[in-house]
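The block underneath contains the structure these notes are about, expressed in structure tokens.
Below, chain A is the first sequence line, B the second, and so on; all start at residue 1. The basis for the numbers below is simple: all heavy atoms, side chains too, and nothing from hydrogens, waters or symmetry mates.
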There are 2 protein chains.
Amino acid sequence: MTENVTKNSRRASRGEAALSRDTIIDAAIALLDSSGESGLTFRALAAKLATGAGAIYWHVADKHALFMAASDVIMARAIGVSLPDATPRQNIQTLALAVFEAMDQHPWLGSALSQAPGQLPTVRLLERLGRQVAALGVPAGQQWVAACTLLNYLLGVGGQNAANASIARVQDLERMHFLETLSAAWSQLDAQEYPFTRSVAAKLREHDDRADFLAGIDLIVQGMLHNTGTR
Amino acid sequence: MTENVTKNSRRASRGEAALSRDTIIDAAIALLDSSGESGLTFRALAAKLATGAGAIYWHVADKHALFMAASDVIMARAIGVSLPDATPRQNIQTLALAVFEAMDQHPWLGSALSQAPGQLPTVRLLERLGRQVAALGVPAGQQWVAACTLLNYLLGVGGQNAANASIARVQDLERMHFLETLSAAWSQLDAQEYPFTRSVAAKLREHDDRADFLAGIDLIVQGMLHNTGTR
DNA sequence: ACCTGAACACCGTTCAAGT
DNA sequence: ACCTGAACACCGTTCAAGT
């Protein structure tokens with residue numbers, strides 16, 4: 001554990017930092033942040049770590065495991081927010097917002113979470129949500145559905161967010177310009193077939209992601225309260 | 001448009017079906033259904049269509065466009081369900097269930113929808129949901145958030161569904177055995193850190209995807225009704 | 001106008017060989 | 001125990017050349 005002198009002797013003798021699982025994951029996160037999901041490559045990662053592509057396989061099973069490990073680090077950090085002495089309803093908002101911020105700063109996170117149902121990163125989140133759902137007074141028999149609904153909504157938003165970021169990267173558009181274009185396209189849809197979409201096209205251009213996300217969370221919470229006596 | 005005699009002369013003279021955009025999309029759907037998202041390959045598709053890999057590019061821009069076109073065909077079919085003379089609340093259930101069934105039969109659909117926010121397949125769905133939200137009596141100012149919440153929840157469920165199917169394919173597990181394993185893993189989580197997750201581990205093993213999905217939809221609808229006078 | 005198939009520039013992963 | 005880097009079996013995409 002601590003005998004780093006014998007470990008990584010090859011690299012150490014060249015005065016380089018030790019190649020460990022954690023170093024690799026940190027580098028992967030940096031790469032994902034700077035180049036997006038498609039930028040995470042064993043060759044690029046090896047270059048960044050000044051090693052060979054194959055060396056990484058000594059510490060990590062495969063690309064999927066690496067991607068999950070990276071997302072777990074970010075998720076653990078995000079849900080580590082201390083929940084102040086507030087109502088369960090407010091705690092859910094705080095929690096959801098923390099995850100939203102994490103997905104906003106690391107757009108690949110949403111994509112990663114969608115790829116590993118029931119695995120550690122998602123379970124961390126489910127646990128935290130579930131506890132607040134219970135604290136809210138939702139009957140035991142309905143807590144599973146309630147917590148899953150919050151989780152799936154969050155994952156849905158995260159996935160869309162990831163895709164938006166990826167499109168913006170490829171097309172090199174600012175968020176503003178991207179929404180303008182999309183909103184314009186919506187406005188030109190057939191009036192008979194798409195009345196609703198046309199009616200909200202303006203909303204799309206000027207909407208606040210964060211505020212709408214939180215409004216969605218609260219909508220679900222209200223649905224939960226409906227089944228509680230605590231309305 | 002109709003002069004198929006001159007079109008595709010090469011293939012026609014060999015007695016093969018015409019290579020058109022639609023033929024390609026149909027073949028792509030068949031390939032996706034049988035081999036999953038990772039099975040959709042220009043080489044495999046070309047083999048299936050008895051043509052060269054490059055020929056496909058004459059009819060389709062690139063792989064992403066092909067994937068979207070395939071998902072749009074399925075989505076258009078799914079939301080084509082006729083809504084009987086029922087309440088908006090029931091119509092939303094019918095609609096959501098139709099999409100759920102489509103994502104269940106074509107697990108790659110959930111993944112596709114997550115990759116193209118604001119594009120045709122998602123917009124089709126948003127439109128249908130939005131109209132029912134309006135019919136439900138949700139005030140105009142809140143329809144955008146309400147419809148998006150339903151949509152995002154649906155996309156979240158679809159994404160998880162796609163990932164589950166993909167894992168099941170790789171590991172060649174039956175759904176039952178997969179859930180057993182996951183449920184067992186949840187039961188062995190640390191009692192201090194994961195009380196909620198442990199408490200629902202049994203639920204995970206025996207839960208009914210479809211029923212839970214619909215319960216989530218109804219939870220959100222109840223939240224919407226809360227802001228409506230029509231409670 | 002439509003199709004062919006070789007070629008290019010990538011991937012993830014493996015593995016003998018080194019230290 | 002850990003690292004190296006060539007090699008393998010794939011990808012998506014392009015494009016000269018054909019009909």
Judged by each residue's nearest nucleotide on DNA chain C, which is more toward the 5′ side, B:H59 or A:S38?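 Whichever sits nearer the 5' end wins; that is B:H59.
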Which heavy atom in B:W186 sits nearest to a heavy atom in B:A201, and how many Å separate them?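 Heavy atoms of B:W186 and B:A201 come nearest at CB-CB, 3.8 Å.
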Show the nearest heavy-atom pair for residues A:A96 and A:I217, with the distance to one decimal.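 Result for this residue pair: CB-CD1, 3.7 Å.
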Looking at side-chain heavy atoms only, is the closest gap between A:L32 and A:H106 below 4.5 Å?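 Counting from C-beta outward, A:L32 and A:H106 never come under 4.5 Å.
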Return the value, rounded to whole Å, for the distance between atom CG of A:L31 and atom C1' of C:dC11.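 A:L31 atom CG is separated from C:dC11 atom C1' by 14 Å.
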Let me know the distance between CG of A:L45 and P of D:dT4, rounded to the nearest Å.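 For the pair A:L45 CG and D:dT4 P, the rounded distance is 13 Å.
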Please identify each residue that fulfils ring pair (Phe, Tyr, Trp, His ring centres under 6.0 Å) with A:F100, with sequence neighbours left out.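 A:F100: ring pair (Phe, Tyr, Trp, His ring centres under 6.0 Å) contacts with A:F213.
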Are A:W58 and D:dC2 close enough that a side-chain N or O sits under 4.0 Å from OP1 or OP2?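 Indeed, a polar side-chain atom of A:W58 lies that close.
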For C:dA1, the Watson-Crick or wobble counterpart (both distances under 3.5 Å):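 WC or wobble partner is D:dT19.
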Pairing partner of C:dT14 (Watson-Crick or G-U wobble, both distances under 3.5 Å):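 Pairing partner, where one exists within any strand: D:dA6.
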Carboxylate-amine/guanidinium proximity below 4.0 Å for A:D104 and A:R210: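 Yes, charged N to carboxylate O under 4.0 Å.
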Do the side chains of B:D209 and B:R175 get close enough for a salt bridge, i.e. N-O under 4.0 angstrom?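 Yes.
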In 5'-to-3' order, the base (B), backbone-only (S) or no-contact (-) status of each nucleotide in nucleotides 12-19 of chain C, using a 4.0 angstrom heavy-atom cut-off, is BBB---B-
